[in-house]
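Notes follow the structure.
First listed ligand is number 1; within each ligand, the first listed atom is number 1.
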Amino acid sequence: MNMPLEDCESSLELCFRCSRCKWICDWDIKSAEFTYICPSLKKFLFDAYSAQGRMDIARAFLRGELDYSDKLLEIIYACTLCGGCEITCKRNQAKMEPLKVLHELRFKCVNDGKGPMEQHKKFAENIEKYHNPYGEPHEARFEWMPEGETDNEKAEVGLFIGCTIPYRLPNVARAAVGILKKLNIKFRVFQAEEFCCGGVLYRVGLVSKARELMEHNLRVIAGLGIKKLLFVCPGCYETFKSIYPKLGGTLKFEVQHMVEFLSQLVDSKKIKFNESCQQVTYHDPCHLGRLTGLYEQPRKILNAIPGLTLMEMERTMDNAWCCGAGGGVKAAFNDFALWSARERLEEAKTTGSRLLLTACPFCELNLKDAEVHDEYPEVKDILELVYETLKT
Ligand code: SF4
Ligand code: SF4
């Protein structure tokens, strides 16, 4: 039988168990406290929980040497798919693709009728019924829209709002809309026609369900004359940009996360900010940084705000420590997600900043959930700061 894991054989053969995928590279280490890149390994402390260990699991599967067990399933899914291992491993061997192996392991679990975890099945059911993983009423998706706001049906710019922002962080949705209005950019939303992007389903291995959502969303957007689709959520952005093409989808429009869009306006000097005299630090969301390469753009925006000082954490940009929420971990292993977020908050605290900015609602929620004492900085989306400081 032709198993998809076989596609990864070259990575599995090339892996020489060097352990690079566990820590940031030695030349980037600034202190003994913040050396790990793999949250799964640091939390569970067994080699099986690293990319290296999961490569061994994949190899054993291919050789028919391993059977499923609850523990094995837990090891496969207790990984945030943060991509830290991909970065450090590729620095060693450019042809290696550990992240592809981690995804293929999950696809195999689902194909064999063993995965995903029960909690993932629950959010998949919610998506089926309500078009969002939270089980919130679909008709409430755009309740956050300011009174009197109407759609501009002729606009060539679309705004894909996602599930987490409207149902959990409506202030971020209002900030995104407020920015576009301050900039006089005509845009449209898709109201009841917008469904979950499906990224979360793909990441837990439910590929065919993710494809159905892709087909729906692309069908809705096609024919509306959209030339550019903006995203507030990096998870949705990465899904459209990287996952939809893997699922056979063709995008007939440009996709941009709001930070990329705004950084271009900073470049062309089309936007200006009021002074904001404060020291902040920035957490790179995995979906925006390692997985789609937007490292400079948020920093460009922050550096354009007069009076603002950006204090970088020790692990930053492609070395960033994952907040702990991705890859289905928040749903299935909440303690692990909170533990990872607390390590990030500790790291943010060492910068002396009272404000920790991010550009991902999933990171924001998990970091806020993990805040156990007031020594930790306040967590906020960069778009809220942009909205507050943007000159009209
Ligand atoms: S996955 Fe890459 S970094 Fe990790 S042990 Fe294998 S070759 Fe080394
Ligand atoms: S994706 Fe992240 S959590 Fe998963 S093995 Fe790689 S570094 Fe560890």
Side-chain angles (χ1 to χ4, degrees), residues 5 8-26 28 34-60 62 72-107 109 115-117 199-200 202-205 235 238 242-243 283-292 315 317-333 335-341 343-344 360 362-363 366:
L5 259 183
C8 301
E9 247 178 30
S10 64
S11 284
L12 298 178
E13 274 166 24
L14 280 171
C15 172
F16 64 116
R17 313 193 83 247
C18 67
S19 288
R20 285 261 177 204
C21 47
K22 300 169 185 171
W23 293 281
I24 60 171
C25 294
D26 32 12
D28 287 331
F34 301 119
T35 57
Y36 279 85
I37 199 155
C38 176
S40 180
L41 176 75
K42 187 169 183 195
K43 169 70 178 161
F44 297 101
L45 291 172
F46 278 97
D47 198 49
Y49 288 85
S50 67
Q52 174 178 303
R54 292 180 178 105
M55 302 286 262
D56 289 342
I57 290 170
R59 213 180 284 117
L62 280 180
L72 187 67
L73 212 59
E74 181 201 302
I75 291 169
I76 290 171
Y77 279 97
C79 156
T80 59
L81 299 177
C82 69
C85 50
E86 179 91 357
I87 295 285
T88 48
C89 177
K90 270 188 189 300
R91 281 190 190 135
N92 235 9
Q93 302 195 75
K95 288 189 181 149
M96 286 291 295
E97 295 183 295
L99 204 50
K100 182 165 166 32
V101 175
L102 300 175
H103 277 287
E104 292 293 351
L105 271 174
R106 291 173 179 213
F107 302 156
C109 289
M117 311 286 286
V200 70
Y202 180 87
R203 293 178 194 109
V204 299
E238 196 244 340
S242 307
I243 296 177
H283 166 72
D284 291 274
C286 302
H287 291 288
L288 203 63
R290 279 190 285 260
L291 301 181
T292 51
R315 289 170 296 185
M317 302 178 84
D318 56 0
N319 282 330
W321 177 255
C322 168
C323 83
V329 164
K330 183 75 180 163
F333 308 94
D335 286 351
F336 169 30
L338 294 175
W339 168 89
S340 191
E343 170 145 344
R344 195 54 163 164
C360 170
F362 224 47
C363 297
N366 194 41

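- Using a 4.0 Å cut-off between heavy atoms, Leu102 contacts ligand 2 through its side chain alone, with no backbone atom that close.
- Between Phe107 and Tyr202, the gap from one ring centroid to the other is short of 6.0 Å.
- Counting heavy atoms under 4.0 Å from ligand 1, residue Arg17 touches it through the backbone alone.
- Aromatic rings of Phe333 and Tyr77 (six-membered ring for Trp) have centroids beyond the 6.0 Å cut-off, not under it.
- Shown in contact with Gln52 at under 4.0 Å from a heavy atom are these atoms of ligand 1, numbered in order with element: 5 (S).
- Scanning the protein heavy atoms around atom 1 (S) of ligand 2, the nearest turns out to be Cys82 N, 3.2 Å.
- In summary, no N, O or S atom of Cys85 is located under 2.8 Å from atom 2 (Fe) of ligand 1.
- No side-chain donor from either of Arg315 and Thr35 sits under 3.5 Å from a side-chain acceptor of the other.
- Of the candidates Met55, Lys95, Glu104, Met55 is the only one forming a side chain to side chain contact (heavy atoms under 4.5 Å, CB included) with Ser11.
- Listed for the Gln93 side chain is a donor-acceptor partner under 3.5 Å among the backbone atoms of Leu14.
- Under a 3.5 Å cut-off, the side chain of Arg290 and the backbone N or O of Asp318 do form a donor-acceptor pair.
- Atoms of ligand 1 lying under 4.0 Å from at least one heavy atom of Cys89, given by number and element, are 1 (S), 2 (Fe), 3 (S), 7 (S).
- Regarding atom 6 (Fe) of ligand 1, its nearest protein heavy-atom neighbour is Cys15 SG, 2.4 Å.
- Checked by atom type and distance alone, the side chain of Thr88 pairs as donor or acceptor with a backbone atom of Gly84 at under 3.5 Å.
- At a heavy-atom cutoff of 4.0 Å, ligand 1 is contacted by the side chain of Gln93 but not by its backbone.
- For the pair Asn319 (side chain) and Ile24 (backbone), a donor-acceptor distance under 3.5 Å is absent.
- For His287 and Phe362, the ring centers sit 6.0 Å or farther from each other.
- Of all the heavy atoms of Thr80, the ones lying under 4.0 Å from any atom of ligand 2 are found in both the backbone and the side chain.
- Of the protein's non-hydrogen atoms, the one nearest atom 4 (Fe) of ligand 1 is Cys21 SG, 2.4 Å.
- Shown in contact with Arg54 at under 4.0 Å from a heavy atom are these atoms of ligand 2, numbered in order with element: 5 (S).
- Looking only at heavy atoms of the protein, atom 8 (Fe) of ligand 2 is closest to Cys38 SG, 2.4 Å.
- In summary, the atoms of ligand 1 found under 4.0 Å from a heavy atom of Ser19, numbered by their order in the structure, are 5 (S), 8 (Fe).
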